[in-house]
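Data first, discussion second: the structure below is written as structure tokens.
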Amino acid sequence: MAVGKNKRISKGKKGGKKKTVDPFAKKDWYDIKAPSVFSTRNIGKTLVSRTQGTKIASEGLKHRVFEVSLADLQSDEDQAYRKIRLRAEDVQGRNVLTNFWGMNFTTDKLRSLVRKWQTLIEAHVDVKTTDNYMLRLFCIGFTKRRPNQVKRTCYAQSSQIRQIRRKMVEIMVNQSATCDLKELVSKFIPEVIGKEIEKATSSIFPLQNVFIRKVKILKAPKFDLGKLMEVHGDYKEDVGVKLERPAEGDEAVAGQEVAAE
């Protein structure tokens, strides 16, 4: 063997074993804050890698979308079938401020509504709120048997379905175009629009289980911190409680008492 060719005999393996670092050691926990429309404001925590070089932690958090059950947001178990999507808009200290980003129904709730011997009527419409959010609302409703009805089925005629759909669209546009996003979300929670549709269409054909089953945000206006703070209302950063410091004279007295003991 030629002299000096086998230089790596004494050295260890090339590219020795890398030290395994716990990835969570480089991450921070942030609190997620929901808008003031909901009764529970603190909805959970989220992880993000710490600021390192040009990668800023707050930038990694912005525009994350969280899906939360309305039952958790309102502390009301009857609302469990609704899922609310909240999008992180801004980071302040260790708090992530979110805003409404859509709504949906759980699959099991939708399946439980669909039955035989009735007509399912759906409608959707694109609306614009006063604060320039473009939303798409999806409505669902079912025909209802009249009291003391003998016939097993309650199917609506296609002309009645068209009339009902027109009424649905009209009410959704009227309710949405005259208010901003915050007011609109407060209408979704108690299902104001669904009840309004039920009342308005009762003369065409009685309906039941009328819901706004889905809300999509198609277009949001440019980010405005002032508007976000309005949505969060009484938001305050938790800075702790101010404690009174004892005066110097009191400290001296306390020191003498300790010495006496």
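All values derive from a computational prediction rather than experimental measurement.
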Can you measure from [atom1] ([X]) to [atom2] ([Y]) and round to the nearest 0.5 angstrom?
{"X": "Ile204", "Y": "Gln163", "atom1": "CD1", "atom2": "CD", "answer": "5.0 Å"}
{"X": "Leu184", "Y": "Thr130", "atom1": "CG", "atom2": "OG1", "answer": "9.5 Å"}
{"X": "Leu61", "Y": "Ser58", "atom1": "CG", "atom2": "OG", "answer": "7.0 Å"}
{"X": "Lys214", "Y": "Lys83", "atom1": "NZ", "atom2": "NZ", "answer": "9.5 Å"}
{"X": "Leu181", "Y": "Ile217", "atom1": "CG", "atom2": "CD1", "answer": "5.0 Å"}
{"X": "Leu86", "Y": "Lys33", "atom1": "CG", "atom2": "NZ", "answer": "13.5 Å"}

Do [X] and [Y] sit within salt-bridge range, that is, some charged N less than 4.0 Å from a carboxylate O?
{"X": "Arg213", "Y": "Glu122", "value": "yes"}
{"X": "Asp28", "Y": "Arg94", "value": "yes"}
{"X": "Glu59", "Y": "Lys62", "value": "yes"}
{"X": "Glu191", "Y": "Arg82", "value": "yes"}

Validation row: [X], [Y] side chains within 4.5 angstrom (heavy atoms):
{"X": "Ile197", "Y": "Cys139", "answer": "yes"}
{"X": "Phe38", "Y": "Ile84", "answer": "yes"}
{"X": "Met172", "Y": "Ile193", "answer": "yes"}
{"X": "Ile189", "Y": "Leu70", "answer": "yes"}
{"X": "Lys182", "Y": "Glu230", "answer": "no"}
{"X": "Thr98", "Y": "Pro35", "answer": "yes"}
{"X": "Leu137", "Y": "His124", "answer": "no"}
{"X": "Arg136", "Y": "Val215", "answer": "no"}

message = Taking transitive links into account, so neighbours of neighbours count too, which hydrophobic residues share a cluster with Tyr81 at under 4.5 Å side-chain distance?
response =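 Traced through the cluster, Tyr81 reaches Phe105, Leu110, Leu113, Val114, Leu120, Ile140, Phe142, Phe211.
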
Hydrophobic cluster of Met134, others only, ordered by chain and residue number, side-chain cut-off 4.5 Å = Leu218

inquiry  = Applying a strict under-4.5 Å side-chain criterion to I, L, V, M, F, W and Y, I'd like to know whether Phe188 and Trp101 cluster together.
reply    =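 Same hydrophobic cluster.
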
inquiry  = On a heavy-atom basis, which atom in Ile171 and which in Glu196 lie closest, and how many Å separate them?
reply    = CG2-CG, 3.6 Å

key: Shortest non-hydrogen contact between Asp108 and Thr106, atoms and distance   =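 Closest pair (atom of Asp108, atom of Thr106, distance): OD1-OG1, 3.1 Å.
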
message = Within the 3.5 Å criterion, strictly below it, is a donor on Gln118 or Lys144 matched to an acceptor on the partner's side chain?
response = no

ask   = Are Lys27 and Ser49 linked by a side-chain donor-acceptor pair shorter than 3.5 Å?
value =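 There is such a pair between these side chains.
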
Which pairs would a plain distance check flag for residues 147-159, meaning a side-chain donor or acceptor within less than 3.5 Å of a matching protein atom at least two apart in sequence or in another chain?
unit_1, atom_1, unit_2, atom_2, d
Gln149, OE1, Arg146, N, 2.9
Gln149, NE2, Lys151, O, 3.0
Gln149, NE2, Thr153, O, 2.8

